[in-house]
Every structure is written in C-alpha cells, then in structure tokens.
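Encoded as structure tokens, the structure appears first; notes follow it.
Note on naming: letters A, B, ... go to the chains in the order of the sequence lines (proteins, then strands), and numbering restarts at 1 for each one.
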Amino acid sequence: MKSAVIVFPASNCDRDAATALESLTGHKTEMVWHQDTDLPNVDLVVLPGGFSYGDYLRSGAMAGQSAIMRAVKAHAEKGGAVLGICNGFQVLTESHLLPGALMKNAGLKFVCRPVTLEVSETQSAFTRFYENGQKVVFPVAHGDGNYFADPETLDRLEGEGRIAFRYAEGDNPNGSVRNIAGILNATRNVLGLMPHPERVVDPLLGGTDGIPMFKSLIEALS
Amino acid sequence: MTAITPQIVKDHGLSEAEYARIKELLGRDPNLVELGVFSVMWSEHCSYKSTRVHLKKLPTKAPWVLQGPGENAGVIDIGDGDACIFKMESHNHPSFIEPYQGAATGVGGIMRDVFTMGARPVAMMNALRFGAPDHPKTRHLVSGVVAGIGGYGNCMGVPTVGGEVNFHRSYNGNILVNAMCVGLARTDRIFLSAAKGAGNPVVYIGSKTGRDGIHGATMASAEFSEDSEEKRPTVQVGDPFTEKLLLEACLELMATDAIIAIQDMGAAGLTSSSAEMGDKGGSGIELDLDKVPQREPNMTAYDMMLSESQERMLAVLKPGREKEAEAIFRKWELDFAVIGITTDTHRLVVRHKGEVVADMPITALSDAAPVYERPFVEAAPQEGAPVFDPSRDVMQSLVKLVGSPDMCSRRWVWEQYDNTVMNDTVQRPGGDAAVVRVHGSSKGLAITTDVTPRYCFADPYEGAKQAVAESWRNICAVGGRPMAVTDNLNFGNPEKPRNMWQIVAGVAGIGEACRALDYPVISGNCSLYNETNGEGILPTPAIGGVGLLKDVQRMATVALKRAGDALILIGATNGHLGQSIYLREIEGKEEGAAPPVDLSAEKRNGDLVRGLIEQGRVDTCHDLSDGGLLAALAEMAMAGGIGAQIALPEGAAAIPFLFGEDQARYLVAVPSANAAGILAEAKTAGVPAASLGVTGGDKIAVKDVGAVAIGALRKAYEAWFPAYLGGSELPPSN
Amino acid sequence: MRARVFVTLKTGVLDPQGKAIGHALEGLGFRGVGEVRQGKLIEVELSETDEARARASVKEMCEKLLANTVIEKYEIELRP
Amino acid sequence: MRARVFVTLKTGVLDPQGKAIGHALEGLGFRGVGEVRQGKLIEVELSETDEARARASVKEMCEKLLANTVIEKYEIELRP
Ligand SMILES: Nc1ncnc2c1ncn2[C@@H]1O[C@H](COP(=O)(O)OP(=O)(O)O)[C@@H](O)[C@H]1O
Ligand SMILES: [Mg+2]
C-alpha cells in the first residue's frame with residue numbers, strides 16, 4: 001500500500017502518521033505540502049492531526065480551503081482511501097467530504113486521555129480487521145471533537161452503517177451526539193475520526209489497538 | 001527630542017548612580033531611545049545584576065556538557081551524535097495579569113530559546129505555584145494558566161509531559177509560572193548567538209513588531225502621552241500557529257549552512273537580541289528600523305527597540321545567502337527582512353527615517369552593566385522537631401493527605417495537555433519523572449521539575465540542596481542517569497536583605513548539591529521581585545533535571561504490577577516531621593527544621609536503585625517525598641490497582657515512620673524471590689534497606705495501625721481538582 | 001468600507017459555551033438571566049466602496065469560509 | 001430585553017485569529033481585504049425591562065466576566 005500524508009501549516013501529527021505507516025507497511029510515506037495541487041500516485045491519503053492554521057476561526061476551516069484539498073477530493077471521488085485523524089476529521093467535515101461538524105468539546109476544555117471505543121462497523125477498508133462491537137482503546141487529544149449533525153443525517157449514517165467508531169457508553173470525552181467518534185462517507189472510502197489510531201501502534205506507548213486499522217488498509221488496498 | 005528628566009530616568013527603573021554611569025559611558029546624555037535600551041539591558045531580567053556574582057559559583061561543567069550557561073539554552077551530549085538542549089524560564093508577572101496569555105507566551109518564549117539553538121523541542125514541563133485555594137483569585141488563575149500552557153503547547157505539537165502545581169498563600173499576589181523545554185539536535189548542528197564578522201546581513205524573521213509589552217513606566221514621559229488609551233502597556237498575545245511555522249522554517253534554514261548566528265527575540269526583543277549577538281561575536285551591529293516589519297502605523301524607534309512582540313527571531317547570515325533564506329520563510333508564510341549589517345565598530349547603531357537614533361558601544365550595554373553585591377542578613381534556619389498528636393487515626397490522615405491540594409491527582413491539569421503527541425512519550429505525567437524516547441532509538445530522556453518551597457523557607461540552603469536531590473532522585477527512580485539541570489530561581493525583592501539571604505543561600509545549596517551529585521547547571525533563569533503585599537514569596541528555586549536511560553524498555557514506573565511482590569524501603573528513616581505535609585495538613589502547623597539532605601547517602605542510594613533498574617531487576621519504584629512512605633505506597637497502589645500489607649519495624653512510632661519526609665529514600669516492589677539478593681546487595685553497598693511487606697489485595701494495610709481501601713483513597717485523590725475547578729469557573733479561551 | 005459579520009449557531013444547535021456563560025453569570029449573582037448564546041464577530045476592512053458589491057463579496061466570504069453553514073448562520077452589517 | 005455584547009481586542013493587541021483569517025481570504029482570491037479582526041458576540045436574554053437598569057447590569061457582566069478587560073474592550077447593544 002502506498003500512502004501520503006498531507007502537511008498543512010501547523011499540522012503536528014504528520015510525522016506520527018508517517019512513522020506508523022512506514023513501520024507497518026515497510027514503504028516510505030510521501031509528505032505532501034498543502035500548496036501542492038497534485039497528489040502522488042498513492043492508495044491512501046492521510047489528513048493528520050494538529051492545529052492547521054492554528055485552528056483559528058474554526059478547526060479545519062482554513063485547511064479545508066487549501067489547494068491540495070481539491071486533489072484529495074478528486075482522489076476520494078475516484079474511490080481512493082482517505083483517512084482523517086483528529087484535525088484531519090475536522091478538515092474532512094469542513095470540506096464536506098464528510099457530513100456534520102465538530103464543535104467545541106462540551107466540557108469546553110482540551111482533553112487528552114485514552115478512551116474506550118466500540119467498533120460499530122467492520123465493513124470498510126479501515127475496520128475489517130476488527131470485530132463488530134470490539135472494544136479498543138485509542139487516545140484522544142482535542143478541543144473540538146464534539147460531533148454534531150442534524151437528526152436526519154444521523155439516522156442516515158446509522159441506517160447506512162457509516163458510524164465506524166463510537167465512544168463506549170460513559171466514556172464520551174467531548175459530548176458527541178450518539179457517542180460518535182468516527183464516520184465513513186457514503187462510498188465508505190473516507191473515514192474521519194477524532195481518536196488517534198497512529199498513537200497506539202507500539203506497546204511501549206500505551207497499546208497496539210491501532211494496528212488492525214492499518215493492517216485492514218494494507219490488506220484492502222494492496 | 002525629549003529632554004531626559006530625573007522623572008523619566010526613574011520611570012525607566014534606573015537609579016541616579018546608574019544614570020550617571022550611562023552618561024559617563026556615552027560621554028554625553030543619552031537620548032530617549034538610548035535610555036530605553038539601557039533600561040532594559042541593565043534591568044534585573046537581562047543583566048542579572050543582583051545574582052551574577054552568586055551564579056558564578058554554580059558548577060557548570062562536565063565532560064558531557066557541550067554548552068553551559070551563557071547561551072539561549074544549555075546543551076549536553078547524550079551519545080550517538082545526539083545532543084539534548086534544555087532550559088527553564090519564568091513568566092510570573094505576565095501570568096498574574098493575564099493568566100491565559102501570560103502562560104501561553106511563557107511556553108512560546110522558552111520553546112524559542114531551545115529551537116533557536118537548532119533543536120526540535122520534544123518535551124515541555126511546567127512548574128506552577130498559586131496562592132491559597134480559598135483566595136478569590138486563585139481559581140481563575142489556575143484555570144487560565146493551565147489553559148494557556150495547553151493552548152500553546154498543544155498547537156505546537158510538543159507533548160507537555162509533566163511539572164508541578166502547588167498552592168500557598170505566599171503566592172496570593174504573585175503566582176509562579178515556570179516552563180521548561182527540552183529539545184533534541186545533532187551535536188554537530190548546534191547554533192549559537194555570536195554574530196561574528198563584519199559585513200554580514202542581519203535578518204529579522206517571524207511575526208511583525210507591534211507595541212506589545214513595552215515597559216509601562218515609560219508611558220509617563222512626554223513623548224508618549226498623546227493618547228494614553230492607545231499607548232497603554234499591552235499584554236503580549238501568543239500566536240502558537242506562527243511559532244509552529246517559525247519552528248519549522250528555522251529548522252529548515254538550519255539544515256543549510258547559511259546561518260552564522262541566531263537568537264530569539266525574548267524580553268526586550270530587538271534590543272537585547274542585537275546587543276547580545278554583537279557582544280558575543282565581538283562585532284558591531286547597525287540596524288535600520290524602517291526595514292522592520294511593523295504591525296501598526298507610526299511606530300517610533302523607541303517602540304520598535306523595546307517591543308516584546310512574540311514569535312520573532314534575529315539571525316546573522318553569511319553574505320549572499322539572503323535569497324535562499326527568504327525563500328524558506330516565504331514558503332512558511334512568515335515575515336523576513338534584512339534589517340541591518342554587522343560591523344567592526346563594536347557599536348550598536350540604530351537608524352530610523354534616515355536619522356541615527358541610537359549609537360552606543362555594545363560593551364556599555366553588556367560588560368558595563370551594573371553588578372551588585374547586595375547586602376544580606378543571614379537568618380538562622382528554623383529548627384526543632386514539632387509536636388504532634390500521636391493518637392490520630394493514620395488511615396484517616398492518609399485519605400485526607402492524598403486528597404489535599406498539594407498532593408491530590410493533577411489529572412485535571414495534565415489532561416488539558418497533549419502529552420502523547422510525537423509518539424515518544426513512554427512515561428506520561430503522574431510518575432516520578434516523565435520519559436520521552438529519543439525518536440528512532442531505544443534511548444530515553446527522563447525529565448522532572450522539583451522544589452519544595454516550604455523547606456526553602458525554613459532553611460534556604462538545605463531546601464535548595466533538597467530541590468536538586470529530589471530532582472536527581474526522581475530521575476534515578478525511573479532508571480535514568482541524571483545528567484544536568486536548569487534552574488529557575490524565583491525569589492522576592494533582592495533589595496531586602498532577608499530575601500537576598502535566601503538567594504545567596506539558595507544558590508550555594510544548589511551548587512553544593514550539584515557538585516556532590518555530578519549534576520551540573522547548564523542553563524537557568526532568575527525571577528526576582530516576586531512579592532505578595534510587600535512580603536516575598538516562599539523562596540522557590542525550581543530545578544529542572546534531565547537524565548538519560550540507555551534502554552527505555554527497562555524503565556521503572558510507580559504502579560504496583562503484581563500481587564505478592566516484596567516491598568523494600570531503600571534509605572534511612574528517622575521520622576522527620578519538621579515542615580512535612582503531614583504536619584501542615586493534619587496538624588495545621590508549618591514548623592520545625594527542613595529535612596537535612598545527606599548528599600553522599602543520596603548518591604549511594606540512588607546509584608543502587610538505578611543499577612537495579614538498569615539490570616532489569618526492579619521495574620516498580622517510587623521515590624519518597626511529600627507525605628513520606630505511606631503517601632508513596634498509596635500512590636503506587638492507586639496507580640497499579642493493587643494493594644499492600646506492611647508492618648512497622650520494631651519500635652518505630654507509626655506517624656513519624658509513615659509520614660516523615662526523610663530524604664534519599666525509595667520504595668521498590670520486586671518479585672519476592674529477588675528480595676534477598678537485593679537486600680544483600682544493598683548491605684554491601686552500605687545502603688540501608690528493609691523489607692516492609694508484600695503487595696496484594698485491594699487495601700493498604702499497616703499491621704497494628706489500620707487499613708484503607710484503594711477505592712476510598714482514589715476517590716479522595718481524584719476529587720479535589722475537578723471539585724475545585726468544576727462548574728463556576730469558565731474555561732478561558734483564546 | 002467596513003463589514004461586521006456576526007456568526008452565530010443555528011437554533012437547535014447546542015451551545016455549551018453560551019450555557020457555561022449563563023451558568024457563570026448566575027454564579028456571580030446576576031438575576032433574571034435567560035438564554036445566553038456565544039457567537040463570533042468578524043470585522044473586515046474592505047477597499048470596495050460600493051455597498052452592493054461589498055455585500056456580495058462579504059456574503060461569499062461567509063459562505064466559503066467565515067461561517068460553517070452546517071451549524072452556523074451569519075448576518076452582515078456594512079459601515080462606510 | 002435582549003443584550004448583544006461585542007467583545008473585541010483592544011487596538012494594538014495582536015489578533016492572531018484575525019490575521020490568519022485575512023490571510024486565508026486573500027488565499028481564496030478575495031481582493032481589497034484590509035485588516036481583519038475577530039471578536040466575540042454574546043447574546044444575553046434578560047428579564048429586566050428597564051433599559052437603564054439592563055445596561056448597567058450588562059456592563060457589570062462585561063467587567064466581571066464577559067470581557068477580559070486587560071486585552072479586550074466591549075460594546076453593548078440593547079433590544080427590547
Ligand atoms: N539561575 C541561573 N542558573 C544558571 N544559568 C542561568 C541562570 N539564570 C540565567 N542563566 C543563564 O543566563 C543566560 C541568560 O538568560 P536569559 O536572560 O533568561 O536568556 P534569554 O534572554 O535567552 O531568555 C542564559 O544562558 C541562562 O541559561
Ligand atoms: Mg533567548
């Protein structure tokens with residue numbers, strides 16, 4: 001599987017994502033600058049965590065307008081895989097590749113801690129190596145992770161099996177509606193999630209629950 | 001030009017004698033711009049005029065020290081061509097005025113000190129001191145400072161991995177916000193600030209210059225009174241987004257060989273950065289202020305020279321490399337301007353609108369800055385063993401202690417910091433020292449900040465020794481080899497002889513401990529004039545320590561890991577209750593002698609413990625500090641979710657034994673089969689060691705004394721912060 | 001020309017910040033405080049002098065960037 | 001009564017958000033955009049019906065909570 005990580009100004013999990021990908025795929029990951037207009041020929045594009053444009057105005061808003069996002073959209077429309085983690089998820093909603101919006105945490109504070117998630121959809125290139133209903137622990141680290149969408153959208157997401165990850169009951173760190181932690185687009189090739197799978201690929205760093213996501217992608221896309 | 005009146009001189013914080021000396025050095029009266037430049041260069045903050053003679057006595061050398069004090073940050077060699085660069089700095093006064101922005105810009109400032117030397121910051125720490133919890137300002141200050149540190153550090157993508165938070169009424173009117181930054185570089189890619197050579201371009205990079213933080217007092221002078229509202233001294237607002245770009249752009253430029261010297265613009269911005277670079281390089285500097293990127297119209301030379309706008313750097317490039325550098329900064333959408341040139345005159349010459357507005361010998365600003373041997377009055381340390389009630393219920397006291405403001409869980413704080421970004425945090429906040437892996441290797445850096453101000457107040461000398469010893473011990477407790485420290489000397493007004501004594505004794509204590517432990521001081525910062533209602537704060541010489549782990553897989557943590565482990569207490573226990581947390585929280589007394597620090601015992605005990613961890617024989621270890629043995633055991637039990645049963649040694653009195661704060665001690669848990677070997681080894685090494693009991697169950701039980709469930713401890717431990725800050729306080733935002 | 005853009009959450013979108021402010025005001029002893037909502041105020045300096053053109057341009061800014069119309073609505077005020 | 005409170009940074013105080021928005025608008029191709037500043041808009045519902053008393057009360061709210069007067073200024077607008 002060939003992959004690229006987009007670097008926006010003040011992305012800061014770009015290296016983490018690349019390191020995780022490289023260690024699991026054995027291939028070099030391309031780093032793509034936000035002002036570039038073309039993507040290299042890759043299977044997976046990752047929009048990494050961070051504070052693109054300082055998260056000023058709204059998290060992900062300005063990055064959503066950057067030149068490279070046109071290419072990312074085109075990649076997604078052709079069926080290419082896109083993974084948005086944390087700030088990357090925010091960029092995906094801001095650029096309408098995913099529905100809804102990520103608002104300020106209900107607790108109004110930045111929150112960094114491991115949370116328990118439930119895998120609620122395994123029918124995707126991102127999640128096929130998990131069990132349905134499996135409990136996994138990923139860390140979150142965000143101030144604006146409170147997922148919101150209108151009830152019709154939520155019903156549709158649920159009906160179409162597009163809610164990939166939910167916060168386990170009682171462990172919702174940000175007030176997300178219906179405990180939503182991560183969602184898929186209609187064609188299931190774009191996943192956005194607030195928790196950080198790339199931070200749980202090394203037992204020394206608090207777990208390995210993120211590995212199946214990358215293994216799923218490698219199998220699906222290679 | 002404004003005539004310099006005695007009032008203007010006074011408003012600039014200069015004494016009559018200092019002003020006379022300025023005139024003598026210039027051979028004429030300074031103009032207002034020059035006076036402003038002198039006032040900041042000769043300020044306590046920049047010149048260290050009260051502390052310089054004392055700081056000279058600190059040990060600063062070791063074979064692994066590549067750069068000691070004198071540069072933006074200190075540098076140590078950690079092997080394999082890797083260098084670790086670190087420093088700690090205060091932002092106390094700004095944080096009291098505007099907690100969010102004050103703390104945020106403090107974080108930004110110390111990061112610049114580290115990355116200006118070529119390092120990528122890899123970890124942040126912060127040592128915070130607030131007033132009494134029931135003081136009306138405290139809640140707001142805590143929530144603002146914590147949010148500000150998080151707001152800046154999180155955006156930078158550097159994990160904030162630890163620190164300290166304490167409360168004491170002496171900080172009611174003057175909180176302390178000390179931030180430490182640790183970075184990594186290659187030993188052959190370290191950048192210094194000496195602007196060597198003449199004819200080299202001086203370039204300005206980063207954010208535009210505004211009227212931020214210009215010294216308030218100067219606003220009284222005539223030239224600045226047109227519009228007092230507009231010219232109010234403004235608080236600096238941090239822009240972490242720009243700083244992140246500045247970091248990446250600087251590292252990109254540093255990968256070339258275009259830089260001769262580089263220095264961040266910190267306090268006194270353009271003035272101190274240019275003067276210091278010229279001073280270190282033995283060169284002169286000419287600046288043309290018309291070229292300085294400006295945020296506001298009509299800025300005067302005075303404004304620009306004294307502005308403390310954040311996120312700016314000054315660099316001297318090799319001639320002809322400007323275009324290449326400019327391209328990098330443009331790519332990162334930052335301001336870049338050639339604003340001057342180095343000369344061989346050794347003068348700082350400033351032009352504005354075609355006129356020379358300042359022309360001063362650089363040595364007048366640096367070498368000739370005043371140095372004072374301020375008088376001090378030696379105060380006898382507090383003495384004696386305090387009286388306590390031996391019949392109090394020990395377990396009730398333990399619950400109260402772990403739920404007290406100074407001892408309870410800091411989770412509420414650290415969960416607001418991204419502590420795992422960069423994917424190298426192998427020990428998160430909550431342990432003895434944070435550990436971050438050196439990216440791509442199996443090495444780790446152990447990092448800690450320490451000081452126990454109540455000890456320092458009782459005995460400035462022993463207290464300062466203790467701060468160093470505790471830092472050293474915290475690093476040993478995770479299995480690290482302590483390498484070097486940075487210090488942040490927070491004291492009251494040095495013009496008061498009693499405070500000056502605290503400074504003198506404190507620096508002496510640090511020096512003594514660092515020498516004995518082979519733990520040199522490689523950088524630091526002094527913050528004086530910290531007062532509440534005319535009373536100095538508790539003396540607070542914060543120590544930031546860094547150690548090296550050869551193999552992070554072998555790191556120890558505090559969490560109990562197995563039932564049935566033997567608990568071994570390393571170090572001698574005399575039951576020292578003077579100045580203890582127990583005494584303060586349970587008996588309501590702040591009395592007695594601070595615990596004495598036996599540095600050779602520290603060394604012996606720490607070397608033994610570290611050796612055991614390095615050999616893979618100990619994976620569970622906690623140093624004993626606030627709250628003594630029982631508090632440490634409670635923390636180990638809560639962290640691991642495993643209880644313990646211990647017994648007092650023959651003849652030991654329960655309260656002093658369990659809560660005394662004797663130094664140089666560790667509690668380790670090891671599989672019981674290994675206990676005898678470790679005890680024997682300790683004996684050979686001359687280290688007191690005793691088996692106290694075993695791990696297991698869901699309680700902490702002390703034979704013949706009592707027991708308490710881990711659940712009850714945890715409830716008290718986790719409750720205080722959220723309860724204190726929940727609800728009524730609105731989280732600040734930027 | 002100066003534009004003031006008010007960006008507020010749509011009705012029906014929960015506003016925890018507004019709620020927290022309301023709560024804090026009560027805590028400070030203010031009586032008779034009903035709902036509190038927090039939004040953004042964005043002031044934009046424009047070289048455009050024609051009001052209609054300015055309004056059209058600011059509207060476009062709102063749609064493209066200043067507001068997230070999934071959750072927010074906006075109002076534009078122009079001053080010479 | 002409804003109060004709208006506009007909280008903005010004092011002149012001279014750096015506004016990183018406004019700066020970044022201005023930059024982004026330029027990037028989107030908007031021409032003639034000068035300075036951009038971002039502030040807060042806080043809407044408070046009040047049971048008070050007397051305008052003078054309402055204004056006094058909102059002013060107190062601003063001083064105590066809504067504005068950080070070290071760096072921000074505020075403006076109050078009342079509507080029945
Ligand atoms: N208490 C101290 N102990 C050791 N070194 C110190 C101490 N205080 C300041 N220094 C050193 O003096 C130099 C100047 O410090 P400072 O003015 O804080 O630097 P900067 O302007 O870069 O923030 C630095 O090299 C710093 O490490
Ligand atoms: Mg510096």
Side-chain angles (χ1 to χ4, degrees), chain A residues 7-20 22-23 33-35 48-57 59 62-63 66 85-87 104-115 138-144 173 195-207 210, chain B residues 120 143 146-147 149-160 238-249 331-334 411-429 435-437 439-440 442 444 552-553 555 722 725-726 729-734:
Chain A
V7 183
F8 298 108
S11 286
N12 64 31
C13 303
D14 44 340
R15 188 189 78 177
D16 299 354
T19 307
E22 286 173 0
S23 74
W33 185 235
H34 69 112
Q35 281 167 347
F51 284 69
S52 58
Y53 293 91
D55 274 357
Y56 297 155
L57 185 62
S59 299
M62 299 188 213
S66 58
I85 303 167
C86 194
N87 195 225
K104 199 175 247 319
N105 292 350
L108 304 180
K109 291 196 297 287
F110 188 94
V111 53
C112 174
R113 65 177 173 86
V115 295
F138 289 9
V140 293
H142 61 245
D144 302 312
H196 287 272
E198 84 285 15
R199 293 192 195 181
V200 268
V201 293
D202 182 340
L204 254 180
L205 303 174
Chain B
R120 178 173 286 283
S143 69
V146 170
I149 291 171
Y152 209 102
N154 297 344
C155 180
M156 289 298 290
V158 180
T160 300
D239 181 358
F241 169 55
T242 297
E243 176 115 327
K244 169 72 173 159
L245 303 185
L246 189 60
L247 162 66
E248 299 301 337
K331 170 186 158 195
W332 289 97
E333 303 182 31
L334 293 163
R411 180 185 304 279
W412 183 91
V413 175
W414 80 62
E415 283 190 349
Q416 295 186 56
Y417 304 147
D418 191 338
N419 48 60
T420 52
V421 63
M422 295 185 92
N423 254 352
D424 282 309
T425 307
V426 289
Q427 183 148 176
R428 296 187 202 177
V435 180
V436 293
R437 186 171 56 185
H439 194 66
S442 57
V552 287
Q553 304 268 4
M555 168 186 85
L725 287 142
E729 184 65 23
L730 202 58
S733 59
N734 59 347

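For B/R437, the part lying under 4.5 angstrom from a heavy atom of chain A is the side chain only. Residue contact with chain B, scored on non-hydrogen atoms closer than 4.5 Å, involves the side chain of A/T19 exclusively. Neither the backbone nor the side chain of B/M555 comes within less than 4.5 Å of any heavy atom in chain A. Heavy-atom distances place both the backbone and the side chain of B/T420 under 4.5 Å from chain A. Of the atoms belonging to B/E333, it is side-chain heavy atoms, and not backbone ones, that fall under 4.5 Å from chain A. Only the side chain of A/D202 comes within contact range of chain B, with at least one heavy atom under 4.5 Å from a heavy atom of that chain. Both the backbone and the side chain of A/R199 come within less than 4.5 Å of a heavy atom in chain B.
With hydrogens and angles ignored, the 3.5 Å screen pairs no side-chain donor or acceptor of B/D418 with any backbone N or O of B/G157. A donor-acceptor distance shorter than 3.5 angstrom exists from the side chain of B/N423 to the backbone of A/E198, with no hydrogens or angles considered. A/D55 places no side-chain N or O within donor-acceptor distance of the main-chain N or O of A/F51, the cut-off being under 3.5 Å.
Ranked by non-hydrogen atom pairs under 4.5 Å with chain A, the options B/Q553, B/H439, B/E243 are led by B/H439. Of the listed residues (B/E248, B/K331, B/E415), the greatest number of heavy-atom pairs within a distance under 4.5 Å of chain A belongs to B/E415. When B/R411, B/K244, B/Q416 are compared by the number of non-hydrogen pairs under 4.5 Å with chain A, B/Q416 comes out ahead.
Ring pair A/Y53/B/F241 is tilted by interplanar angle, where 30° to 60° counts as tilted.
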* Which is it for B/W412 and B/S143 under the side chain to side chain contact (heavy atoms under 4.5 Å, CB included) test, yes or no, and what are the steps along the way? -> CA-CA 10 Å; B/W412 183 91; B/S143 69; 4.1 Å; yes
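Remark: the B/T425 side chain and the B/N419 side chain contain no N/O donor-acceptor pair separated by less than 3.5 Å.
The line from CH2 of B/W332 to CG of B/L247 is 8.5 Å long, rounded to the nearest 0.5 Å.
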